[in-house]
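Quick note on labels: first sequence line is chain A, next is B, and so on, each numbered from 1.
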There are 2 protein chains.
Amino acid sequence: MKVIPFKVPKASQDFIRYQVDDQPYFYDKLHQHPELQLSLVLEGEGRLIGGDYIGRFAPGDVFLLGHDVPHVFRSDEQSYAPGQTARSHAIFVFMDLKALSGGLYNITELQEAKRFCEQLTGCYRVQGPAREEITRLVQALQPEAGLGRLLGVLRIIEQLMLPEALHCLSVADQMRNLSEREVKRLERVLNFMMTHSHRAIALEEVAAVANMSREAFCRFFKERTRKTYVRYLQELRMTNACQLLLHTDQTVASVAYASGFANLSHFNRVFSKLMGKTPREYQRG
Amino acid sequence: MKVIPFKVPKASQDFIRYQVDDQPYFYDKLHQHPELQLSLVLEGEGRLIGGDYIGRFAPGDVFLLGHDVPHVFRSDEQSYAPGQTARSHAIFVFMDLKALSGGLYNITELQEAKRFCEQLTGCYRVQGPAREEITRLVQALQPEAGLGRLLGVLRIIEQLMLPEALHCLSVADQMRNLSEREVKRLERVLNFMMTHSHRAIALEEVAAVANMSREAFCRFFKERTRKTYVRYLQELRMTNACQLLLHTDQTVASVAYASGFANLSHFNRVFSKLMGKTPREYQRG
DNA sequence: TCGTTATGAAAGTAATTCCTTTCAAAGTCC
DNA sequence: GGACTTTGAAAGGAATTACTTTCATAACGA
């Protein structure tokens, strides 16, 4: 689909680009770009990585990705299975305020919005009334062009700026601005981890995927993700475990094994550490 | 000399014991006892370990060791060399306020002193005017007996209680109350480390001295000393390096090698980290 | 009260970190 | 200027820690 890091295709004078994805699964490679990305999930679900955040997306969710935040929407495995009618359907709006530089960008009325957008450097969940309003606005954007589309996006930004509109999901500000080589390497590694998170993965294996020694890989991974490989893998597995706990009736033990843990006792402890409650508690309220 | 942990020999009704050591070197095994120990160094110098403190002692120094603080005054190697006339000479006063329980211990006037003594659980340097006064008082103690000695010690405690009299050298409160087995093990280990600190010592070697696996030894050592083995060794080596820098005219490089470092660049960095200044700076003011 | 889940302690093992080396280069002091 | 010292960055490896297993036992819920 695209190369990493990629330029969002847009006429150089446009500061927005509107893209509808409707496929069995989303583009599944980690990538980054300077444009802000508003993402409206319509169908399909799976795991989302945005900066150092690891979580899940589902229909109705609206996410905002800041400048150069590495991210990937990775549809659930089942979507890949043959014979499935699964779809991944979303609308992405890419915004680049800087493309306005010549004209509107410097007018006083936009200063505040400009500053607001410039400091978006994380991964956010759009929530509350703003989410609903933005969902409407984004869908109304498609038929528009020129000034109409511009106005639509400005209205969207207006919504995003509302006090409670954004919930920041990422913590560190550190994962941005990876070199192209690093993004590629990380993409390979994370892809591998996501694909195999349901089984044991020795450090040696992922290190090999990254073409590095174990020690060098540890350093690289920690430096770029702010987490150790094991910790990251645990978080990845937790997204899956939570999913199974909430949406299936498997026992805790079976969820543990299905999520890549070989040891129930250990799963319980890791779950409590990361989620703040025991698997059983989580399964209820 | 004594077994570890030992009871300071004293008539059971005495609450103080006065001991003069005048030998080529001090008792060199780490040990602990519930009695407070006031130590007046007259001759000889070397390394002192008290709780988690690692440093040097020299004539004139006065130290106070709290209840059950593992400690050892280890005379410098040269004192062990044959043909040397080196002496290690010190006065130790062991105090056990609890031995007074039947009588004076509970009288109101002593409550404050009692509380003061009870909370002495570290390794302290006695400093300032109190040091000089205590030096006098301790030396005047020898001829005394009975009430005279009791009064002398009370005067000493009075001095110790002065605001600036004690400078706490140890940090953690954690190394106390080792089991007999642990003290023995630690004694063997620390003795080995002190004896060999001038050369490279692989973890495996000390672990063997402690009869443990490398990992178990790391856990044991960290838990009991609050420092890692390497860190402890570095501090040990630093006492030696500082000594050489101040009292010989060797170059920094030669001091580094003499202190057990195989790498000058590395020595410089470790020295700066632990001492807060570069070796050269330290050598001057 | 049984089946399942949660928690504690101890020890083995794998992962991660930090120590250490190396090399290069810059700073300091006679 | 030249010997010596200090500092930086990068990488290898030893040390240390964290993860994981195991076993025992407690707590929970149907």
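When B:Lys227, B:Arg56, B:Lys273 are each tested for a salt bridge (charged side-chain N to carboxylate O under 4.0 Å, His left out) with B:Glu235, only one passes: B:Lys227. When the options B:Val206, B:Val189, B:Leu203, B:Thr228 are evaluated for a side chain to side chain contact (heavy atoms under 4.5 Å, CB included) with B:Phe221, the one that passes is B:Val189.
No donor-acceptor pair under 3.5 Å is formed between the side chain of B:Gln32 and the backbone N or O of B:Val69.
For A:Cys117 against A:His67, the heavy-atom pair with the smallest separation is O-NE2, 2.9 Å. The minimum heavy-atom distance linking A:Phe271 with A:Met238 is given by the pair CD1-SD, 3.3 Å.
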Original post:
For nucleotides 8-20 of chain C, read 5' to 3', which letter fits each nucleotide if B means a protein heavy atom sits under 4.0 Å from the base, S means only the sugar-phosphate is that close, and - means neither?
Top reply: BB--BB-SBBBSB
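Rounded to whole angstrom, the span from the CD atom of A:Gln250 across to the P atom of C:dT5 amounts to 11 Å. A straight line from CD of A:Glu223 to P of D:dA11 spans 11 Å, rounded to a whole angstrom. Distance, A:Asn268 CG to D:dC19 C1': 15 Å, rounded to whole Å. In this structure, B:Gln283 atom CD and D:dT6 atom P are separated by 9 Å, rounded to whole Å. Taking atom CZ on A:Arg284 and atom P on D:dA30, their separation rounds to 7 Å, with Å as the unit. Distance, B:Glu281 CD to D:dC4 C1': 15 Å, rounded to whole Å. One can place OH of A:Tyr257 at 11 Å from C1' of D:dT21, the figure rounded to the nearest angstrom.
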**OP:** Could you please spell out the steps behind the side-chain contact (heavy atoms from CB on, under 4.5 Å) verdict for A:Lys277 and A:Ser272?
**Re:** CA-CA 5 Å; A:Lys277 40 179 88 170; A:Ser272 298; over 6 Å; no
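Cation-pi geometry between A:Arg74 and A:Phe26 is not met at under 6.0 angstrom from the ring centre and within 45 degrees of the axis.
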Atom pairs and distances, donor-acceptor, side-chain atoms in residues 254-262 of chain B, under 3.5 Å, two or more places apart:
unit_1, atom_1, unit_2, atom_2, d
B:Ser254, OG, B:Gln250, OE1, 2.6
B:Ser259, OG, B:Val255, O, 2.7

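One end of the helix from C:dT1-D:dA30 to C:dC30-D:dG1 points its axis 50° away from the other end's axis, with each axis taken from 5 pairs and the angle rounded to 10°.
For B:Thr278, no side-chain nitrogen or oxygen approaches OP1 or OP2 of D:dT5 to under 4.0 Å.
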